[in-house]
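Throughout, protein chains are lettered first and strands after them, A, B, ... in sequence-line order, and every chain is numbered starting at 1. Just so we're clear, the structure is a prediction, and the values are computed from it rather than from any experiment.
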There are 2 protein chains.
Amino acid sequence: MGLTRTEIFTDEQNKLAVLLKAMAHPARIAILQYIMASKTCINGDLVEELGLAQATISQHLKELKTAGLIQGTIEGVSVCYCIHPENWNLLKETIGTFLKGYIVSNECC
Amino acid sequence: MGLTRTEIFTDEQNKLAVLLKAMAHPARIAILQYIMASKTCINGDLVEELGLAQATISQHLKELKTAGLIQGTIEGVSVCYCIHPENWNLLKETIGTFLKGYIVSNECC
DNA sequence: ATTATTTATTGCAATGTTACGATAAACATT
DNA sequence: AATGTTTATCGTAACATTGCAATAAATAAT
């Protein structure tokens, strides 16, 4: 007990939950916003910008990368991060479809 | 250590994180989808539908209600839950704006 | 070669999440 | 009044998350 019972949900429900969870932290939202604004960035930029420890930023970047929201390529001594274009569009679509599922109705409480 | 440093983020970043977190669980996604499809529902419907314990469903409903995504009104012995129309539209807008922040660019890694 | 720069990983402490059984509370039915 | 129905809350066990210091690893500069 105490661990999510993923087996009783559909793949789509589990996948959407993983994506939302990856974004569900102010630091990761801030990181995504920073990357969106500056197109690319490195870990050090974010450490300065956000004021979190280097290890913490690195951990958040890893989570975003694991979820497929960003990608990182080694550039000499540093790693260049940016939004993962294809996955971001997929994300947009998946969340969009989910949110559109509600149509205002008067059958409400 | 170990607790999110909300004070270093903007209100908007923190609020969006709270909303995303409220949805970032397969059970809560399933609950929202069920409510969207059936317009209204009670705790008991969801216990049958999802196969989670009554206490667990109640807890998830509470989280969704606290985040403002759903509303519940007492109807005799049971509680009728439905999507919170205004907040759902706000959510749509907030997430939409966030996701639109990325414009595909060739300045990538 | 040595030193500097940059990021990832490890280890840890504090806190949060998830799930469920048991129980309480509140109304409906008999 | 006693019983049934429905939901919320409490307590608890098992993980999971967050954040940081310390350290490792890998390239760049001197």
d([atom1], [X]; [atom2], [N]) in whole Å:
X       : N      : atom1 : atom2 : answer
B/Ile31 : C/dA19 : CD1   : C1'   : 13 Å
B/Arg5  : C/dA14 : CZ    : C1'   : 15 Å
A/Leu64 : C/dT7  : CG    : C1'   : 16 Å

Does B/Glu75 reach a base, just sugar-phosphate, or nothing at all? Heavy atoms under 4.0 Å. nothing

For A/Leu52, which contact category applies under a 4.0 Å heavy-atom criterion: base, sugar-phosphate, or nothing? sugar-phosphate

Set of residues satisfying side chain to side chain donor-acceptor pair (under 3.5 Å) with respect to [X], sequence neighbours excluded:
X       : value
A/Ser78 : none
A/Gln13 : A/Thr10, B/Gln33
B/Thr4  : A/His25

Enumerate all atom pairs, one protein N or O and one N or O from nucleotides 6-12 of chain D, separated by less than 3.5 Å.
residue: D/dT7; atom: OP1; partner: B/Asn43; partner atom: N; Å: 3.1
residue: D/dT7; atom: OP2; partner: B/Gly44; partner atom: N; Å: 2.8
residue: D/dA8; atom: OP1; partner: B/Tyr81; partner atom: OH; Å: 2.4
residue: D/dA8; atom: OP2; partner: B/Asn43; partner atom: ND2; Å: 3.4
residue: D/dA8; atom: OP2; partner: B/Ser58; partner atom: OG; Å: 2.9
residue: D/dA8; atom: N7; partner: B/Gln54; partner atom: NE2; Å: 3.0
residue: D/dA8; atom: N6; partner: B/Gln54; partner atom: OE1; Å: 3.0

Presence of B/His60 side-chain N/O under 4.0 Å of C/dT17 phosphate oxygens OP1/OP2: no

Within residues 7-28 of chain B, find the residues that approach DNA chain D with a heavy atom at under 4.0 Å, and present them sorted by residue number. none

In one Ile/Leu/Val/Met/Phe/Trp/Tyr side-chain cluster, 4.5 Å: A/Ile74, A/Ile83: yes

Would you list the pairs meeting salt bridge (charged side-chain N to carboxylate O under 4.0 Å, His left out) in which at least one residue belongs to residues 64-86 of chain A, sequence neighbours left out? none

Where at least one partner belongs to residues 26-54 of chain B, residue pairs that pass salt bridge (charged side-chain N to carboxylate O under 4.0 Å, His left out), sequence neighbours excluded: B/Arg28-B/Glu63

Can you list the residues that meet the side chain to side chain contact (heavy atoms under 4.5 Å, CB included) rule with B/Lys15, with sequence neighbours excluded? none

Can you name the disulfide (SG to SG under 2.5 Å) partners of A/Cys41, sequence neighbours left out? none

